[in-house]
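Single-structure report; data block below.
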Amino acid sequence: MFEIKGISYQYQQKTILDIENWQANQGEKWLLLGKSGSGKSTLLNLLAGFLKNQKGKILIHNQDIHQLTPTQQDQFRAKNIGFIFQKPHLISSLNVLQNMLLAQYCANIPQNPQKCTEILESLELETHTHKFPHQLSQGQAQRLAVARAVLNNPVLILADEPTASVDDENAQNIIQLLQTQAQRCNATLVVATHDQRVKTQFEKKFEL
Ligand code: ADP
Ligand code: MG
């Protein structure tokens, strides 16, 4: 599904990532482990093409995304990758449903409120569709971020420390949600964390 070969990444001449090889198959669920500062976010951003690769190869479905033009990269990402940032990054002037519709618009997919509502329902957000982000609890905002990330049936779901700022119960819920949604799309899931609480919920682990 994806393949990382011989990559390294530097900030200001300091190498913070050095990965010889990491391969993941379609539908696998991975935990990306490493203490704070070990390069987890950098690696997720490289996988999503938000950061430009400096050395080695990153292939997603045999496609080297760093060979694409910026526009092609945006389209590839919008169509294939669901990214859940540490903070929800919702558009504050748009309501819940509009935040979802925007994700379809950005991916060049016809806007389909019915599909948005279905996903919102599966994440128990159906009664909040007309609320604005500031009217949501932290847990609801995070579920909306998950809903938006999985809306276009991505083949790869990347989540950066999704449980960092939630209590134990919500941490379990969010991991469960990510796993269920990944299963639904048959997507490969990568959850970056240093959260010990979620370690037992994944069979596959990659440690930085
Ligand atoms: P993690 O997500 O595992 O905490 P990061 O990928 O955020 O790790 O960061 C890895 C290292 O790179 C850290 O030492 C961090 O300080 C450094 N770093 C991250 N982003 C930048 C940046 N934009 N400029 C310079 N250094 C950075
Ligand atoms: Mg990080």
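All values reported here derive from a predicted model rather than from experimental measurement. Atoms within each ligand, like the ligands themselves, are counted from 1 in listed order.
Side-chain atoms of Q73 come within 3.5 Å of backbone N or O of I65 as a donor-acceptor pair. Between the side chain of R77 and the backbone N or O of F83, no donor-acceptor pair lies under 3.5 Å. Checked by atom type and distance alone, the side chain of Q75 never pairs as donor or acceptor with a backbone atom of Q72 at under 3.5 Å.
Polar contact with ligand 1: absent for K14 (N/O pair, distance under 3.5 Å). In terms of polar-atom proximity, I16 is not counted as a contact of ligand 1, lacking any N or O under 3.5 Å from an N or O of the ligand. For ligand 1, one of its N or O atoms has an N or O atom of T42 under 3.5 Å away.
Look at S38 and you'll find a heavy atom under 4.0 Å from some atom of ligand 1. Remark: distances from the non-hydrogen atoms of K35 to ligand 1 include one below 4.0 Å.
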Exercise. Where do K115 and L151 land on the side chain to side chain contact (heavy atoms under 4.5 Å, CB included) test, with the steps shown first?
Worked result: CA-CA 8 Å; K115 174 81 193 292; L151 176 63; 3.9 Å; yes
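Within the 4.0 angstrom cut-off, atom 16 (O) of ligand 1 has no protein heavy-atom neighbours.
Of the residues listed (K29, Q172, Q179), the one engaging Q201 in a side-chain hydrogen bond (donor to acceptor under 3.5 Å, both in side chains) is Q172, and it is the only one.
Protein atoms of type N, O or S found under 2.8 Å from the Mg ion (ligand 2) total 1.
Other residues, nucleotides and ligands contribute more than 12 heavy atoms inside 6.0 Å of the CG atom of N21.
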